[in-house]
Amino acid sequence: MKDQLIKFITSEYSDRVDIIKDADMKDHTTFRIGGPCDIALFPHDRNSFCTVLDFVNKNGIRYVVIGNGSNVLFSDEGFRGVVIFTTKMKSFSFEDDLLICDAGVQLTAVSVRAVKEGYDGFAFACGIPGSIGGAVYMNAGAYEGQISDILVYSDFYDPKTGKIERLYADDHKLGYRYSTYMDNDRIILGAAFRLTKADDPDSVLALMEDHVRARKEKQPLEYPSAGSTFKRYPGYFTAALIDEAGLKGYSVGGAQVSEKHAGFVINKGGATARDVLELIQIIKDKIYQNKGIHIECEVRYID
Ligand SMILES: Cc1cc2nc3c(=O)[nH]c(=O)nc-3n(C[C@H](O)[C@H](O)[C@H](O)COP(=O)(O)OP(=O)(O)OC[C@H]3O[C@@H](n4cnc5c(N)ncnc54)[C@H](O)[C@@H]3O)c2cc1C
């Protein structure tokens, strides 16, 4: 069936879907970890994305949709099936104060563009290395802002019906690093956001530059990672809990608790997914021992 998929794409969509066979997930994720998938596909627009989704769905081909790969850890054995990346779907437009984006639009690029167009509301996302699809999926946020503050609707493909539908903000059940997309297999095609006219775009831009500077100072951006490894536990700062547990700098193989920011597990060099998973378990166990609380992983493991 996978051969048929490649045949279908090369005969009808060769100029609108890129194909890489046996693509290594370490080359397509910010953690730089993960074995090969069978086929990686990169549709260029919503139409070809939906066609690919329809094909894999109707033919029972196992697949997963990935944006920038900045919040995932792929297994060392890779993924048996098709990985569909949205990163080439980069179209966005402004319709008055509504910003309409394809799933693959980069958060930093669109936040810079929005302020250049004179809008405020997206500044918080500058420096988050993800896509619109990944950000809606988990209600990404930083610096007092999050997707739920500005989301108007998202469009999705429903594998159960093969239909494209629209979900309005209230129906996303958006919470801290949570959306309803985490509980179903719907695929986000794009989303629209309500922005406001900035009184002083230069000061918004300056604020975004401050955010980027602060990230460079506080986060181990010099090493591959998937950002904060764990979710915040109510009433605690996870990085402080890990630090207090004496785990700053602790390593398993090539995976290490960053010495700069204990909330990040980094790939110090040659880390395997197994190293990372073992380190995560050690951290969870130690924190449970110390505080009696179960901290949860924010990073999604895919095998
Ligand atoms: C250095 C660094 C700093 C970070 N800082 C922050 C931060 O400040 N705040 C924050 O919230 N996050 C942060 N992150 C995490 C990450 O960038 C965000 O969670 C981002 O929103 C993930 O987007 P992505 O496109 O990379 O998603 P991916 O990692 O590609 O995917 C994440 C999940 O979303 C699903 N998904 C992706 N696209 C779709 C789609 N179109 N339809 C359905 N499901 C989809 C995937 O299947 C996967 O389960 C950081 C990460 C790094 C590496």
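Counting starts at 1 for both ligands and their atoms, in listed order. Position 1 is the first residue of the sequence; numbering continues from there.
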Could you pull out the N/O contacts under 3.5 angstrom between ligand 1 and the surrounding protein atoms?
residue  : atom   : partner : partner atom : Å
ligand 1 : 5 (N)  : Arg215  : NH1          : 3.2
ligand 1 : 8 (O)  : Arg215  : NH1          : 3.3
ligand 1 : 8 (O)  : Arg215  : NH2          : 2.9
ligand 1 : 9 (N)  : Gly141  : O            : 2.7
ligand 1 : 11 (O) : Gly141  : N            : 3.0
ligand 1 : 11 (O) : Gly141  : O            : 3.4
ligand 1 : 11 (O) : Arg177  : NE           : 3.4
ligand 1 : 17 (O) : Ser70   : OG           : 2.7
ligand 1 : 21 (O) : Ala135  : N            : 3.4
ligand 1 : 25 (O) : Asn68   : N            : 2.9
ligand 1 : 25 (O) : Ser131  : N            : 2.9
ligand 1 : 25 (O) : Ser131  : OG           : 2.6
ligand 1 : 26 (O) : Asn68   : N            : 3.4
ligand 1 : 26 (O) : Gly69   : N            : 3.3
ligand 1 : 26 (O) : Ser70   : N            : 2.8
ligand 1 : 26 (O) : Ser70   : OG           : 2.6
ligand 1 : 29 (O) : Ser70   : N            : 3.0
ligand 1 : 29 (O) : Asn71   : N            : 2.8
ligand 1 : 30 (O) : Gly67   : N            : 2.7
ligand 1 : 30 (O) : Asn68   : N            : 3.4
ligand 1 : 30 (O) : Gly69   : N            : 2.9
ligand 1 : 41 (N) : Ile188  : O            : 2.9
ligand 1 : 42 (N) : Ile188  : N            : 2.9
ligand 1 : 47 (O) : Val65   : O            : 2.7

Phe42 ring center within less than 6.0 Å of Phe85 ring center: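 Yes, the ring centres sit under 6.0 Å apart.
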Can Val65 be reached from Tyr13 by stepping across I, L, V, M, F, W or Y side chains whose heavy atoms are under 4.5 Å apart?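 Yes; Val65 is reachable from Tyr13 via cluster members.
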Tell me whether the NZ or CZ atom of Arg232 lies within the 45° cone about the ring axis of Tyr176 and under 6.0 Å from its centre.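 Pair Arg232/Tyr176 counts as cation-pi.
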Are the side chains of Ile188 and Ile132 in contact, using a 4.5 Å heavy-atom criterion?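 They are not in contact (no side-chain heavy atoms under 4.5 Å apart), so the answer is no.
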Where do His172 and Tyr181 land on the side chain to side chain contact (heavy atoms under 4.5 Å, CB included) test, with the steps shown first? CA-CA 7 Å; His172 286 68; Tyr181 284 111; 3.6 Å; yes
Going by distance alone, is a donor N or O of one side chain under 3.5 Å from an acceptor N or O of the other, for Asp54 and Thr51?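 No donor-acceptor contact under 3.5 Å links the two side chains.
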